[in-house]
Protein chains: 4
Amino acid sequence: MASRGVNKVILVGNLGADPETRYMPSGGAVTNINVATSEQWKDKQTGQPQERTEWHRVVFFNRLAEIAGEYLRKGSKVYVEGSLRTRKWQGQDGQDRYTTEIVANEMQMLDSRGAGQGQGGYAPPPPQSQGDYGQAPAPAPAPQKAPSGGGGQSSPPASDFPDFDDDIPF
Amino acid sequence: MASRGVNKVILVGNLGADPETRYMPSGGAVTNINVATSEQWKDKQTGQPQERTEWHRVVFFNRLAEIAGEYLRKGSKVYVEGSLRTRKWQGQDGQDRYTTEIVANEMQMLDSRGAGQGQGGYAPPPPQSQGDYGQAPAPAPAPQKAPSGGGGQSSPPASDFPDFDDDIPF
Amino acid sequence: MASRGVNKVILVGNLGADPETRYMPSGGAVTNINVATSEQWKDKQTGQPQERTEWHRVVFFNRLAEIAGEYLRKGSKVYVEGSLRTRKWQGQDGQDRYTTEIVANEMQMLDSRGAGQGQGGYAPPPPQSQGDYGQAPAPAPAPQKAPSGGGGQSSPPASDFPDFDDDIPF
Amino acid sequence: MASRGVNKVILVGNLGADPETRYMPSGGAVTNINVATSEQWKDKQTGQPQERTEWHRVVFFNRLAEIAGEYLRKGSKVYVEGSLRTRKWQGQDGQDRYTTEIVANEMQMLDSRGAGQGQGGYAPPPPQSQGDYGQAPAPAPAPQKAPSGGGGQSSPPASDFPDFDDDIPF
DNA sequence: TTTT
DNA sequence: TTTT
């Protein structure tokens, strides 16, 4: 894998929901998570504490997807390293839409026990595995379904999002 | 500035067009650039060389915006460090759209002379300045116009993009 | 603060001992910690699991030094971002020695409660503060005492290390 | 390759001298470079411009070592990503010494032509290759000779450095 | 000297 | 939708 340029993202944050894992026709796993990072500061005028949460859509492939899907849970704190990828897809209105994701190539669980306090879901002891075997099927990854949420005002694209079965080019 | 979580992006790439600078009501500068990073690899089946270019929308504020606007040019190679921010805006059809940008907090010109091979635009000697003074007016940055059209087929969202005069909340 | 070049370190690891805090003549705090990161892999020949631990000497200044000294403990998991600095000092034999440290400019505690399971030391609730106010007194930081340890085979320079009261140029 | 913790370094700087390449008994290449990064600032008291140069010892293995050795030259601007490793060795006085290096796992040439203004050494067109094939023979890399002497007063450890033929454990 |  |  050679390249010209550097395209690197580093995140430490918490999962807003349990991971969603799907499988590509090839059999390879694809896992999506949403990771929140937040920034806090004091308003210079009023001195009031402010907060802004940023949500990041992260996608894992293959072995890393399996590990993420198995060990991460809603609330888990995670370190993710990857690269930015903007995908184009069509809304139901036929218009082009764009979604930017972080394609992860490294992941580390940062919770002591390896699991979040997800809603009842048991998470087995974590392997802390990561590495290059989790690499995307280089520049031609698989489709993903929308995050189940969609709600909040600062949330990422959701509603009209391409589905796993949709015929969208990547 | 305190925070919980890490939200960091590092790019090294080239500008697809000259920077665009605007000014906020406060008088602060806002500069946008589009940065290309590319990945090359060999197809495992055919052995054919492949390439995928990723375009990154980068926004600078205040002093860093002035420096970027003054010294960067189409073709300039640049190092950018910043954080991801996804903004919501409304398309002309009233639908919600999302755009992910890198809000830069550090910039370094990597061309020996400090200028790209821009189309005629003269770029004065580079200061290599960067630093925290370029910080965004924390979590409430200014509107931006669309990239003038990065040209290529893999260029970033453009057409229906919110304009500087549009009434969009950030 | 301007610069030419990029000098950046990102660590996620655990403290091998409680932080050590001192004060500069100026009154500014200086805190040192040792952070372990480890790598695990399987021997390709024997298939035996292997591990290598790397120890990193991290130094904080001013406000960040106070926070690190107050909230971190032996065993704490921490995110550190900073830059490399190699200091020259004289051994008791009059010979030059060099020590490489990470001068931190950002720190995040990654333990849920903000404290490690240090040996009895109580750590109050963490502020998760970080930021640029923790910056070093640019390129002329203060002396530090040796890490109290020194023991292990993979440990960093210790024995003959310059003391806080020593007259060493930085 | 699994791990617990993150140990990451990112450098953008210039080579202080031509690379030095050696070969391990296994036949694998090992290349060392010294990279300068510098920081500039204004003295708060006097307003005088100040500068501090930091020198980084970087080591490449295998394929990446061959590329670095072939295409980099004194003065080349380079992007390096890697991890910190502190090696212990014995001075001629029998005392323990420690040297911290960056073990590179990615490298990008940032000069337009791919070569520095080295003293006469011709450097062929650059491939911009990088990647994981350049990985170190995990946690048990090869000995290296001293940098030929970076010259300047702020140059890295040199004199008493272990030689390729010395019997030093890694 | 940490952590799993 | 997370976390403090």
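Numbers restart at 1 for each chain; the letters A, B, ... are given by sequence-line order, proteins then strands.
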Starting at atom [atom1] of [X], determine the distance to atom [atom2] of [N], rounded to an integer number of angstrom.
| X | N | atom1 | atom2 | answer |
| --- | --- | --- | --- | --- |
| Gln108(C) | dT3(F) | CD | P | 16 Å |
| Met109(C) | dT4(F) | CE | P | 12 Å |
| Lys77(A) | dT4(F) | NZ | C1' | 8 Å |
| Leu72(A) | dT2(F) | CG | C1' | 13 Å |
| Leu15(C) | dT2(E) | CG | P | 11 Å |
| His56(A) | dT2(F) | NE2 | P | 15 Å |
| Asn14(C) | dT4(E) | CG | P | 7 Å |
| Asp111(C) | dT4(F) | CG | C1' | 14 Å |

Subject >> With sequence neighbours excluded, residues passing salt bridge (charged side-chain N to carboxylate O under 4.0 Å, His left out) with Asp96(B) >> reply: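 Partners of Asp96(B) by the salt bridge (charged side-chain N to carboxylate O under 4.0 Å, His left out) criterion, ordered by chain and then number, come out as Lys88(B).
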Original post:
Who are the salt bridge (charged side-chain N to carboxylate O under 4.0 Å, His left out) partners of Glu66(C), not counting sequence neighbours?
Top reply: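 Glu66(C) satisfies salt bridge (charged side-chain N to carboxylate O under 4.0 Å, His left out) with no other residue.
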Original post:
Under 3.5 Å, is there an N or O donor on one side and an acceptor on the other linking the side chain of Thr53(A) and the base of dT2(F)?
Top reply: yes
From C-beta outward on [X], which listed nucleotide comes closest to its side chain: [options]?
| X | options | answer |
| --- | --- | --- |
| Trp55(C) | dT3(E), dT1(E), dT1(F) | dT1(E) |
| Ala17(C) | dT1(E), dT1(F), dT3(F) | dT1(E) |
| Asn34(C) | dT1(E), dT4(E), dT2(F) | dT1(E) |
| Arg4(D) | dT3(E), dT1(F), dT3(F) | dT3(E) |

**OP:** Decide, yes or no, whether a salt bridge links Arg4(B) with Glu39(A) under the criterion of side-chain N to carboxylate O below 4.0 Å.
**Re:** no
Original post:
Is it true that the side chains of Thr86(D) and Trp55(C) contain a donor and an acceptor less than 3.5 Å apart?
Top reply: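 On atom types as modelled, these side chains do not qualify, holding no pair under 3.5 Å.
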